[in-house]
Amino acid sequence: MKIAFTTKGSQWDSKMDPRFGRTEYFLIYDETADTLTAVNNKDTENEAHGAGPKAAQRLAEQKAKILITGNGPGGNAATVLQKLGVDCYINAGDMSVKEAYEAFKAGQLKKL
Amino acid sequence: MKIAIASGKGGTGKTTLSTNLASYLAETNKVVLTDLDVEEPNSGLFLKSELIYSEDKYKMIPQWKESDCTLCGICQEACNYHAVIQIMDSIMVFPELCHSCYACSELCPTNALPMIPKKMGELKHYKTEQFHFVEARLSIGEEQAVPLIKQTLKYIDSNYGNDYLKIYDSPPGTSCPVIEATKEADFVILITEPTPFGLNDVILAIETMQELHKDFGIVINRYGIGNNDIVNYCHNNNIPILAKIPNDKEIAILYSKGELLYNSIPAVKAELEKIAQYISALSANYLPTQIPKNN
């Protein structure tokens, strides 16, 4: 299974980014292959509108089924994620990626 | 003549000035006041008026026809606002992000995105004892103020001729809605308060008006609080200060009751008269349309 994190970097010890649409990176952890892949999302910084749907579309290409983030996606992005069947877990904005993954595994993150 | 009342900062007195100035000028002129702060119109709170006309306002948005779509992706490439995106084998439309530019619809090779109307807000036309008042209000959840402001300005232009003084209560800030509300104005009044916040934000508004090549002047509200920086700034940059409305508890009391000020507070009336004089001098030079002549 693939898990996506909203992050400020590309490593396990990178900080999580609490934002969804304007997150700096999506970090994709493939549990089966045990690989970590960073997807740069920094270009949404230049979007005046529609950063959420654009980021959700980018995430769709990664085929992740779980999203771990901070504040949670806004309305438009949530509509896309729902259509994709992605489960969102929130309130991990202040953690490192590793801490967020452990908290998810331990069932400590809130599901939207 | 078209006069827009704007500010950088919110809460500096745009509506207070708009309603009082409209009412005061209506004693000697034909006046129509328009509330273009469509996200939170509030001029109506201060006017005793009778509703004479209302209409729903629509914007055009694309609607996906799945049966005709080949999923070519041209629509999502065309949209600068990500209002149309392809997710797997479907096209999703986000009406609140749509700017009604028709690009996706026109460029679609199979006409799978026909444009349909969507209600975005309401326009209401009122009559007070002395003047006319038009208010536009965006529906809850709508994000785009500009299309409604544009349609409201069109309504005013088609209903009122050049013999009317048209006063526009503009949205706060310096972004697209403010540009739309002020770009056709002959004169812009920027109202601010003499505080560091007020100065910072009015400088942004001044720079915006300079970029738009607008003729403008400053009204200082709550004069007496803060410091003298705004006065010095205007002097150093040759920007006219039209009036200084005093900081007065009585003003706050009347405001809280939804009442106009100048009949109860002579100092406010005196400041409105200064603005009226300034506008009157401007309108003497003002020509509605100047078409450049070819020699």
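Protein chains get the first letters and strands the later ones, always in sequence-line order, with residue 1 at the start of each. Just so we're clear, the structure is a prediction, and the values are computed from it rather than from any experiment.
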Item to check | Contact class of Tyr81(B) relative to chain A, heavy atoms under 4.5 angstrom | outcome: both

Next on the checklist: Side chains of Gln57(A) and Gln86(B): any donor to acceptor distance under 3.5 Å?
Outcome noted: no

Checklist outcome for this item: Looking only at heavy atoms, the pair that brings Pro53(A) and Leu97(B) closest together is CG-CD1, 3.8 Å

Next on the checklist: Around atom NZ of Lys2(A), are there more than 12 heavy atoms from other residues, nucleotides or ligands closer than 6.0 Å?
Outcome noted: yes

Checklist entry - When you look at CG of Asn71(A), are more than 12 heavy atoms from neighbouring residues, nucleotides or ligands closer to it than 6.0 Å? => result yes

Checklist entry - Between atom NE2 of His49(A) and atom CD of Glu96(B), what is the distance when rounded to the nearest 0.5 Å? => result 12.5 Å

Next on the checklist: If you count every heavy atom of other residues, nucleotides or ligands that lies below 6.0 Å from Gln108(A) atom CD, does the total exceed 12?
Outcome noted: yes

Next on the checklist: Is the shortest side-chain heavy-atom distance between His82(B) and Thr44(A) below 4.5 Å?
Outcome noted: no

Item to check | Point-to-point distance, once rounded to the nearest 0.5 Å, from CE of Met92(B) to OG1 of Thr79(A) | outcome: 5.5 Å

Checklist entry - So with a 6.0 Å cut-off around NZ of Lys119(B), is the heavy-atom count from everything else above 12? => result yes

